[in-house]
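One structure is given below, encoded as structure tokens.
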Amino acid sequence: MNYLRAVLNSDQKNEKIHLQDLVKIGKKLNKNTTTYEKELEKLASNNQPIQKIDKVQKIDKIKKIEPLKKEPEYKNSTYNIDNVFVKDNQIIIDFKHYLKKDYIKFIEEKRGNKYLDIFDFNGRFKDASPTVLKMNGVDRIKIFQYKYRKLRIELIHRKNLKTIYIIGKKRIIIKVLDIKESKSNVTAVKTLLNKNKVIVIDSGHGGKDSGAVGDKKRYEKNTVFAVSKYLYNDLKKRGYRVYLTRNKDRFIQVKNRTVLANRKKADIFISIHANAAPKSVRAKARGIETYFLSPARSARAKRVAALENSSDMNAMSNNSQNTFLTILNQSKITSSQKLGIDVQQHLLYSARKKYKDVVDGGVREGPFWVLVGAQMPSILIEIGYITHKEEGRRLFVKSYQKTLAKGIADGIDAYFAKNQ
Ligand SMILES: [Zn+2]
């Protein structure tokens, strides 16, 4: 990733340093490093050799950081609590650091004719203002910041409840044993959960870059912007923190599109585009496709990627592009694929409510540069073919744009419900 970042920033000095590291580490692991070595030679012939001292210092720094310190973090930490939510008969509290047994204190009380189960946690939760959590079978659950660094959860009920708590590595679970598990609480949980999730929506193209062009001068940049805006509003209503890479018709370089997402520490990055087909297949090509970043496997993915990868990336040879992509972090690819599957499924379901004949183009892998810089799960959605006569027309129908946005939002909900 460091290497990729250097390339995207045209930072040749760091490019070299990271290439050298790749070769060095690759050799130690008995991997074939000839591709990297060739890139290195190419770079070397362009420039003066970089100072070796630089590299040595870099490695030293990394080594110093790497060993895991096992001393308790909470001594001087700010006791941050990541998340509090209800699932069936459980209240789940997620911390940002490892826990000790004395992290939680349990008190039983009787107030009037009500029984109280009180749990005090060492920690601050930014959303405790106070909030009411809902669990079927418990009269009232209140959560509030009791002291500056003490979070309190009160379970209030007309009968004495049987509760237990379990301390995990970074999670505390309070279980109410009197309640059978059910799924009725899901919606109440949702908005509280979403509060902590950050989504960056990237509206494709803009300004001098109109993207694909359909009949009657229909520009891709306009329809994807409309859908992005609807999606933005929809997600906000659902409780997410949302940002747009562009809030008007303006040009943004591909490498800068993920900068916002990284700065806001977004949980997911969604790039929205509309597709175009070459003249020979224009009459037939239609449908919705979702891509996640990965080296191109199919000719189709390569073609779509070539369309969407903007001109500022053309300097790189195909071979080097593929080299970069193959070193990508596998875990991010996996979660991007999961996100892609959820979004594609819900998007299609929503679109077909309006037009039954919407084609499922599937979830695909593709080498999209706009996704490379993202440090979080990221996908690129092709909401339809602007070059198809009927689909191109629909992409500019307001009610359909809203339907598409709703579908994407439903998919995002589904992804977070499964991947907290
Ligand atoms: Zn596009």
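One-based numbering, in listed order, for ligands and for the atoms of each.
- Among heteroatoms of the N, O or S kind in H273, ND1 lies nearest the Zn ion (ligand 1).
- Remark: Y355 engages Y400 in a ring pair (Phe, Tyr, Trp, His ring centres under 6.0 Å) (not counting sequence neighbours).
- Under 4.0 Å is where a charged nitrogen must lie from a carboxylate oxygen, and between R238 and D410 at least one such pair does.
- The Zn ion (ligand 1) has no N, O or S atom of E382 inside 2.8 Å of it.
- The side-chain hydrogen bond (donor to acceptor under 3.5 Å, both in side chains) check on D357 picks up R286, R394, with sequence neighbours excluded.
- Taking the N/O/S atoms of E220 in turn, the shortest distance to the Zn ion (ligand 1) belongs to OE2.
- Between H273 and H205, the ring planes lie perpendicular to each other; the angle is over 60°, past the 30° to 60° tilted range.
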